[in-house]
Every structure is written in structure tokens, then in C-alpha cells.
Amino acid sequence: MSATTHGVGAGVVLGIVFVLLGQQLSYYSLSDLVSAVLYLVVGIVVGGVVFGAIGMALGRRYLAKHPPSTP
């Protein structure tokens with residue numbers, strides 16, 4: 001798995017966690033089905049994109065500092 005894939009996976013989970021944490025801290029209510037699904041989808045997409053970009057940048061930096069060895 002690449003660094004980008006790891007970043008996206010972690011971002012999806014953290015996006016869901018942040019939505020649920022916001023609901024627990026009473027920033028918004030998830031009692032309506034449509035708004036709850038909308039908040040979760042937005043959290044998943046935003047978390048995946050942000051952490052995927054971070055993972056991609058870190059992966060490129062690692063490969064620049066540690067070039068693959070050729071036999």
C-alpha cells in the first residue's frame with residue numbers, strides 16, 4: 001500500500017470520528033436521517049482528501065530522500 005492509500009484510509013476514519021465528536025459536543029444534531037448522512041459523507045470526503053494529500057506529500061518526500069535501490 002502506498003502512503004496516499006494509508007492517508008486516505010486514516011482520513012476516512014478520522015472524518016467519521018470528527019462528525020461524531022461534533023455531534024457529541026452539540027455542534028449539530030444527527031437526529032434527522034438526511035442531514036446525518038450528509039454530514040457523514042462530507043466528513044468522509046473531506047477527511048479522505050485532506051489526509052490523502054498529506055500522505056501523498058509525505059510519500060513523495062520519503063522517496064526523494066530514500067531512492068529505491070536498483071540491482
Side-chain angles (χ1 to χ4, degrees):
M1 290 178 72
S2 69
T4 305
T5 307
H6 280 285
V8 169
V12 166
V13 172
L14 286 174
I16 294 170
V17 168
F18 287 145
V19 168
L20 295 176
L21 182 64
Q23 189 267 337
Q24 288 294 315
L25 296 174
S26 300
Y27 288 124
Y28 43 82
S29 175
L30 297 180
S31 60
D32 182 32
L33 179 63
V34 175
S35 65
V37 170
L38 181 66
Y39 283 133
L40 286 172
V41 168
V42 168
I44 288 169
V45 170
V46 169
V49 168
V50 169
F51 284 92
I54 292 170
M56 183 174 61
L58 290 175
R60 287 184 185 206
R61 183 172 181 217
Y62 177 80
L63 287 177
K65 291 187 177 252
H66 305 90
S69 61
T70 54

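For this chain, numbers begin at 1 and follow the sequence in order.
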Check: Y28 and V19 side chains under 4.5 Å, non-hydrogen atoms: yes
Cluster check Y39, L33: I/L/V/M/F/W/Y, side chain < 4.5 angstrom: no
Euclidean distance, R61 CZ relative to H66 NE2, rounded to 0.5 Å: 10.0 Å
Nearest heavy atoms of S29 and S35, plus distance in Å: O-OG, 4.0 Å
In one Ile/Leu/Val/Met/Phe/Trp/Tyr side-chain cluster, 4.5 Å: V13, F51: no
Verify same cluster id: V12, L30 (apolar side-chain graph, 4.5 Å): yes
Straight-line distance of L58 CG to L63 CG, nearest 0.5 Å: 11.0 Å
Joint cluster assignment, V50 & V42, ILVMFWY side-chain distance < 4.5 Å: yes
In one Ile/Leu/Val/Met/Phe/Trp/Tyr side-chain cluster, 4.5 Å: L21, I16: yes
Positive for side-chain contact (heavy atoms from CB on, under 4.5 Å) with V37, one of V41, V34, L40: V41
Heavy-atom closest contact (G55 atom, A3 atom, distance): O-CB, 3.2 Å
